[in-house]
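Notes for the one structure printed next.
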Number of protein chains: 2
Amino acid sequence: MTGPDRRTGTRPPVTRRVLGILEAFTPERPALTLTEICRRTGLPMATAHRLVNELVAWGALERGADGAYRVGLRLWEVASLAPRGPGLREAALPFMEDLYEATHQNVQLAVLDGLEVVYLERLSGRDAVHVFTRVGGRFPAHATGVGLALLAHADPELQERAIAGPLRRFTPKTICSGRQLRRVLAEVRRTGVAISDGQVELFALSVAAPVHGPDDSVVAALSIVVPSDAYDPRALVPAVRAGARGISRALGAPSARRPPASAARESGPPPRIAEGG
Amino acid sequence: MTGPDRRTGTRPPVTRRVLGILEAFTPERPALTLTEICRRTGLPMATAHRLVNELVAWGALERGADGAYRVGLRLWEVASLAPRGPGLREAALPFMEDLYEATHQNVQLAVLDGLEVVYLERLSGRDAVHVFTRVGGRFPAHATGVGLALLAHADPELQERAIAGPLRRFTPKTICSGRQLRRVLAEVRRTGVAISDGQVELFALSVAAPVHGPDDSVVAALSIVVPSDAYDPRALVPAVRAGARGISRALGAPSARRPPASAARESGPPPRIAEGG
DNA sequence: ACAGCGCTTCCGTCTGACGGAAGGATCGCC
DNA sequence: GGCGATCCTTCCGTCAGACGGAAGCGCTGT
């Protein structure tokens with residue numbers, strides 16, 4: 001990224017080059033030397049040096065005792081204002097904790113970005129089944145519970161792109177055909193939950209439900225991931241659904257409003273959680 | 001910030017202006033129109049427009065349906081690589097969950113930045129005592145449990161700055177004199193835990209312990225905040241200490257290494273958690 | 001119809017970003 | 001202790017691209 005296009009002679013605007021520097025940091029290489037930054041961004045040393053120094057001065061990057069640069073705390077502070085990120089997370093945490101406490105498995109919260117999901121939060125016990133997602137990480141939507149829940153309620157045009165697009169296979173159980181995906185998405189809309197069984201790793205299964213925002217559109221999805229041999233997914237559905245509904249209510253979703261106190265019965269027939277906007 | 005210094009005629013470098021735009025977003029105003037951004041940064045409309053567009057193109061900002069700009073998910077993704085931030089958080093979460101589950105109160109993780117603490121994580125039950133910290137938020141170190149725990153093991157020069165500097169008062173119980181702070185910090189070093197009683201809000205009390213990194217220096221602090229009338233702080237000390245030690249071990253701190261299996265006794269006399277670096 | 005507001009586009013000016021090159025600072029090796 | 005290798009830092013003349021005033025656009029309210 002931010003390739004200097006040295007061949008064409010065109011030079012990208014400063015802003016893009018600065019962002020390119022940030023982009024150079026990845027989960028695999030969260031600490032880089034100046035030289036590495038240059039290699040990854042294609043920037044000349046002198047230029048990278050200047051820009052990096054400005055980033056450090058502000059706190060967007062930090063320089064460790066070892067001389068390597070890392071992403072700085074200050075950047076994280078600003079980023080924690082992202083409304084689709086930590087804001088949502090904040091509202092969701094108490095409900096995620098409930099779910100975690102009841103199961104001690106992996107409880108995840110994710111949003112959709114393009115055809116991928118981005119994980120906002122994950123609670124997982126030391127003894128929970130291992131999932132290789134990371135807070136802040138991405139994953140193709142079609143293969144995950146949260147992804148299916150989000151996709152099912154996404155912009156129809158986006159759904160078509162997903163159905164048309166290449167569907168990466170992770171296991172023999174991964175949804176790989178457009179036809180199959182279309183059927184599953186319809187099913188998700190009908191039932192209000194998504195169940196992804198062994199699609200990423202054969203031994204893991206996830207149950208996910210959509211979370212609605214203040215305008216009732218689906219803004220996120222809550223899921224729980226368990227070992228597939230030890231759980232009946234149907235047993236998890238009510239808990240996940242209740243959690244997602246709780247979060248939706250905390251966000252002010254009209255469809256999740258608590259019924260008038262007189263008639264309040266939290267576990268009545270789910271009043272159409274699906275079929276958002 | 002990023003004031004254009006229009007009077008002096010000097011113009012800050014592009015990078016600083018871009019960062020200034022990010023800085024314009026605050027917890028109070030996480031969504032800004034272009035005009036507001038201009039007011040806050042002092043940038044001319046045309047300039048702000050161009051820079052903001054570049055930020056949106058990359059994903060550092062997002063533009064909502066209402067036309068307002070917000071911090072983007074992409075920025076948060078990069079920021080989640082900050083080692084002092086989410087990296088630490090990741091290692092700490094399981095232990096924080098244990099502590100949360102045992103008490104259902106507020107469990108917090110924070111690092112020191114200058115004379116302030118930055119909160120990396122907070123678990124809190126719906127019925128826990130209300131604390132007005134926010135993940136990603138800051139607070140003066142001298143008034144909080146985590147702050148005292150961190151300060152006590154910080155660079156001596158920094159400690160002196162804290163002792164000398166003005167100490168903001170929040171309640172009649174807030175530590176406000178340098179003498180008192182010095183004494184408390186020594187006490188924290190001696191006992192290995194910090195207890196902050198009613199320093200921020202009279203009815204809340206926190207117990208905090210330092211977390212050690214791979215080089216045994218103190219990198220973070222773990223705390224629990226409870227209503228002061230319902231808990232004996234001494235009862236919480238072992239749990240907080242154990243949690244902090246667990247995190248330290250997960251981070252690879254030599255001082256927190258589990259003793260050889262033969263002699264393993266997890267709850268023996270605490271082998272000098274304090275006295276780091 | 002017009003004023004007010006916020007956003008977007010245009011384009012000539014000139015400044016500050018650019019980066020090649022030279023100069024440290026450390027290492028490890030012989 | 002000389003020498004190459006690696007990585008970082010500083011300098012400074014050049015010129016491209018950032019800059020921002022001004023004009024235009026699309027609202028909304030009166």
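Residue numbers start from 1 in every chain, and the chains themselves are labelled A, B, ... in the order their sequence lines are given, proteins ahead of strands.
- Regarding A:Leu43, its CG atom lies at a distance of 8 Å from the P atom of C:dG19, rounded to whole Å.
- The side chain of B:Arg17 places an N or O atom within less than 4.0 Å of a non-bridging phosphate oxygen (OP1 or OP2) of D:dG20.
- In this structure, CG of B:Leu51 is placed 9 Å from P of D:dA18, rounded to the nearest angstrom.
- Each of D:dT9, D:dA18, C:dT8 was ranked by its minimum atom distance to the side chain of A:Pro13; first place goes to D:dA18.
- At C:dA17, none of the side-chain N or O atoms of A:Arg50 fall inside 4.0 Å of OP1 or OP2 (strictly under the cut-off).
- Between the side chain of A:His153 and the backbone N or O of A:Ser217 there is no donor-acceptor pair closer than 3.5 Å.
- Rounded to an integer number of Å, the gap from CE of B:Met45 to C1' of C:dT9 is 12 Å.
- Side-chain atoms of B:Thr33 lie closest to C:dC7 of the nucleotides D:dT10, C:dA17, C:dC7.
- Taking every side-chain heavy atom of B:His49 into account, C:dT8 is the closest of D:dG20, C:dT8, C:dG19.
- If you take CD of B:Glu36 and C1' of C:dC5, they are 13 Å apart, rounded to a whole angstrom.
- Electrostatic pairing of B:Arg74 and B:Glu62 does not count as a salt bridge here, judged by no charged N lying under 4.0 Å from a carboxylate O.
- As a whole-Å value, the separation of A:Asn53 CG from C:dG19 P is 16 Å.
- Across D:dC8, D:dC19, D:dA22, the shortest atom-to-atom separation from the side chain of A:Leu34 is found for D:dC8.
- D:dC19 atom P lies 10 Å from atom CD1 of B:Ile21, rounded to whole Å.
- Closest contact between the side chain of B:Arg63 and the listed nucleotides D:dA18, C:dT8, C:dG19 involves C:dT8.
- Two residues are said to be in side-chain contact when any heavy atoms from C-beta on lie closer than 4.5 Å; A:Glu36 and A:Thr33 meet this criterion.
- Regarding A:Ile37, its CD1 atom lies at a distance of 16 Å from the C1' atom of D:dT6, rounded to whole Å.
- Look at A:Thr47 and you'll find a side-chain N or O under 4.0 angstrom from OP1 or OP2 of C:dG19.
- Put simply, the side chain of A:Ser248 gets close to the backbone of A:His212: a donor and an acceptor are under 3.5 Å apart.
- Rounded to an integer number of Å, the gap from B:Asp66 CG to D:dC27 P is 16 Å.
- For A:Tyr69 and A:Val14, each mapped to the nucleotide of DNA chain D holding its nearest heavy atom, the one lying further toward the 5' end belongs to A:Tyr69.
- Panel note: side chain A:Arg122, backbone A:Val135; no donor-acceptor pair is recorded below 3.5 Å.
- Considering only side-chain atoms of B:Thr35, the nucleotide from D:dT9, C:dG6, C:dT9 that sits closest is C:dG6.
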